[in-house]
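See structure below.
Below, read A as the first sequence line, B as the second, and so on, with proteins coming before strands; counting in each chain starts at 1. For the numbers below, each heavy atom of this structure counts, side chains included, while hydrogens, waters and symmetry mates do not.
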There are 2 protein chains.
Amino acid sequence: MARAPTTLDSFNAVAEPRRRQLLGLLSEGERPVNDIAESLGWNQPQVSKHLGVLLEVGLVKVRHAGRQRIYSLDAAPLKEIHQWTSTFERFWEHQLDRIKERAEARQALVRNRGNVPPGGAGES
Amino acid sequence: MARAPTTLDSFNAVAEPRRRQLLGLLSEGERPVNDIAESLGWNQPQVSKHLGVLLEVGLVKVRHAGRQRIYSLDAAPLKEIHQWTSTFERFWEHQLDRIKERAEARQALVRNRGNVPPGGAGES
DNA sequence: ATATAATATTCCCATATTGGAATATGTCAA
DNA sequence: TTGACATATTCCAATATGGGAATATTATAT
């Protein structure tokens, strides 16, 4: 089996740094393709291809204006990613606290027994 | 050029649903490989391979315990993803508000002119 | 109808993937 | 040392990628 297509979901679509860059640009406002190409310094087909992926997963919308296609951000699918990462928030939120706790535990040992366990901080 | 390797960053590592599942399991506590394989119903080499990717991007840690390797979650790298998606939070937070606003604008037009313009807001 | 501008699509290449099967490595016990 | 358990690695197939170059499509103006 191969890797899941980038058009499968927003997790895969957004794994590509250039597509994140593209979304960042569109967060400033809607834009036609050539504008984007010039702003980012990419060539036009590459822009169209990346926009195609983003379109398939619903991260952008298109509006036809004459011969231009105006692309705009539709960030809703990012909500799923945000929510998924949120379920792990507690693991990095209290990281510093836990480090502090360990340091304090070592301090207590120093005060009680007068020596420092391996890898620990010295006494005050 | 090919797609970026899954071991490049957490964005790529986490694009695979099975790896998200694995992280979810590890969020309940550290576990040896065979335990994971049994819990998820995967075969052992697959578990080792996915753990290898997660290890390379720093999403898990290993501890050797006899012939077992106990893997544990290290969610810190997910913070970057969380923060990136947060950048777009305002776009989905006020989405319902904006839909409501458009609906109200149409209602106002109906009251004023007695008809509804196609799909959008007309003159004031 | 024709030329031109704006965008999308196709073809190609080098590379990486996931899963399965088989095998290798490492660690303990007797 | 030998055997058994726990885990990692290798080899394979099918598939998908992203970039470049060339080309096709679509829409406008004359």
Spell out, as yes or no, whether a donor-acceptor pair under 3.5 Å connects the side chain of [X] to the backbone of [Y].
X	Y	answer
R69(B)	H64(B)	no
R19(B)	A13(B)	yes
S39(A)	I36(A)	no

Could you check how far [atom1] of [X] sits from [atom2] of [N], rounded to whole Å?
X	N	atom1	atom2	answer
R31(B)	dT7(D)	CZ	C1'	17 Å
L51(A)	dT9(C)	CG	P	11 Å
N12(A)	dA16(C)	CG	P	18 Å
L8(B)	dG18(D)	CG	P	13 Å
E16(A)	dT17(C)	CD	P	14 Å
H64(A)	dT25(D)	NE2	C1'	12 Å
N43(B)	dA6(D)	CG	C1'	15 Å
W42(B)	dA21(C)	CH2	P	17 Å

Side chains of N12(A) and R3(B) only: does a donor on one sit below 3.5 Å from an acceptor on the other?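 Present: a donor and an acceptor within the cut-off.
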
Any side-chain donor-acceptor pair under 3.5 Å between T87(B) and Q83(B)?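 Note: T87(B) and Q83(B) side chains miss the donor-acceptor criterion.
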
Co-membership, hydrophobic cluster, residues V53(B) and V47(B), 4.5 Å side-chain: no

Among dA21(C), dT17(D), dT10(C), the nucleotide that comes nearest once only the side chain of K49(B) is considered: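 Nearest to the side chain of K49(B) among the choices is dA21(C).
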
Q46(A) side chain, from C-beta outward: closest of dT17(D), dG20(D), dG19(C): dG20(D)

Please tell me which of V62(A) and A2(A) maps to the more 5' nucleotide of DNA chain C, matching each residue to the nucleotide holding its nearest heavy atom.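 The residue mapped nearer the 5' terminus is V62(A).
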
Using side-chain contact (heavy atoms from CB on, under 4.5 Å), reason through E80(B) and F11(B) one step at a time and then give a plain yes or no. CA-CA 9 Å; E80(B) 188 193 352; F11(B) 279 95; 3.9 Å; yes

DNA chain D nearest-nucleotide lookup for R18(A) and P45(A): closer to the 5′ end is R18(A)

Along nucleotides 1-7 of chain C, 5' to 3', which nucleotides get a B, which get an S, and which get a -, given that the test is a protein heavy-atom distance under 4.0 Å? ---BBSB

